[in-house]
Amino acid sequence: VLALVSACIVADILDGIIARHLNISHSKFRVLDTTFDLMFYLTVLGYIWRVNPMPIEVNSGLISLILTLEILLYLTSILRFGRLPSPHAFLSKTWGLYLAIEFFLLILQVRGNHFTVALLFGVIVHLDRLLIYVFIKYWDHDIPSCYHAWLHRQGKPFTRHKLLNG
């Protein structure tokens, strides 16, 4: 299981970078990537619940809040723009790496409040993602942060990292 999760995480990190490097990334690809990311993390969370339910049960309120913010993100994007979201924000990428470490700690049943800390960071990440789709005037993808979305709304240019948000 650890090897499979590791392979999926590495593939998730590299797929977008490789696609942008080869100039084959487009908005439909980015939306699919966001959707598959969500399914992957929910599947791993379900597996962890099965093998080590205590951290999931103890943090059910934070998990519910994150899932609620995720639903609000999807609803906001669909209602405002008629499209699924695909922010690929910097904080999301950071949280994804953090979750990879957390998944290993949870599968290995390492004790401590590390999962709660990861979920608190996840709430911040999801607020940032939601604000991106609240702030922008028209649908876009690969917005680095809600600050960049605010610049986007004002019609001000901002720099996107070539490999991460290009």
Side-chain angles (χ1 to χ4, degrees), residues 1-22 24-79 83-134 141-146 161 163-165:
V1 171
L2 290 175
L4 181 59
V5 170
S6 299
C8 290
I9 290 168
V10 169
D12 179 45
I13 292 167
L14 294 178
D15 64 354
I17 293 171
I18 292 169
R20 282 185 289 282
H21 180 71
L22 297 174
I24 58 172
S25 179
H26 50 78
S27 63
K28 288 181 184 177
F29 171 78
R30 305 304 288 150
V31 169
L32 280 175
D33 183 58
T34 300
T35 304
F36 286 129
D37 288 350
L38 177 60
M39 288 188 299
F40 169 72
Y41 286 113
L42 289 174
T43 301
V44 173
L45 187 65
Y47 175 79
I48 291 168
W49 189 5
R50 188 168 171 261
V51 300
N52 187 14
M54 184 60 70
I56 305 297
E57 292 167 1
V58 167
N59 292 289
S60 62
L62 285 172
I63 293 169
S64 296
L65 178 57
I66 289 170
L67 292 174
T68 300
L69 290 169
E70 185 75 15
I71 291 167
L72 287 173
L73 166 66
Y74 275 75
L75 287 174
T76 299
S77 183
I78 291 168
L79 293 174
R83 296 182 70 178
L84 294 174
S86 184
H88 289 95
F90 284 134
L91 286 179
S92 295
K93 293 175 185 303
T94 304
W95 193 53
L97 292 172
Y98 191 177
L99 278 181
I101 295 166
E102 281 304 315
F103 288 157
F104 289 119
L105 293 174
L106 291 171
I107 289 169
L108 297 172
Q109 299 188 12
V110 174
R111 295 180 187 265
N113 65 352
H114 52 86
F115 188 51
T116 302
V117 173
L119 292 173
L120 288 169
F121 181 51
V123 170
I124 294 166
V125 168
H126 280 75
L127 285 170
D128 180 62
R129 295 175 74 214
L130 177 59
L131 286 174
I132 288 171
Y133 280 86
V134 167
H141 60 89
D142 295 348
I143 308 289
S145 71
C146 62
H161 188 278
L163 292 179
L164 298 178
N165 293 96

Measure the OG1-NE2 distance between T68 and H126 for me, rounded to the nearest 0.5 Å.
10.5 Å
Which heavy atom in N59 sits nearest to a heavy atom in P55, and how many Å separate them?
ND2-O, 2.9 Å
In short, P85 meets Y74 closest at the heavy-atom pair CD-CD2, 3.7 Å
Taking atom CD1 of I124 and atom CH2 of W95, what is their separation to the nearest 0.5 Å?
11.0 Å
L65 and L119: CA distance, side-chain angles, deciding distance, side chain to side chain contact (heavy atoms under 4.5 Å, CB included) verdict
CA-CA 9 Å; L65 178 57; L119 292 173; over 6 Å; no
Heavy-atom side-chain proximity of D128 to S145 below 4.5 angstrom:
yes
My understanding is that only one of I132, V134, L127 makes a side-chain contact (heavy atoms from CB on, under 4.5 Å) with C146; could you say which?
I132
Rounded to the nearest 0.5 Å, what separates atom CG in L105 from atom NE2 in H114?
5.0 Å
Look only at the side chain of S77 and the backbone of L73, and say whether a donor-acceptor pair between them is shorter than 3.5 Å.
no
When rounded to the nearest 0.5 angstrom, what is the spacing between CG in L45 and CD1 in I56?
4.0 Å
Value for CG (L99) from CZ (F103), rounded to nearest 0.5 Å, stands at 4.5 Å
Is the Y98 ring parallel, tilted or perpendicular to the F121 ring (thresholds 30°, 60°)?
tilted
Mind checking whether V125 and I66 have side chains closer than 4.5 Å, heavy atoms only?
no
Distance, nearest 0.5 Å, that separates CD1 of I48 from CG of L106:
4.5 Å
Is it true that a side-chain atom of E102 and a backbone atom of V117 form a donor plus acceptor pair closer than 3.5 Å?
no
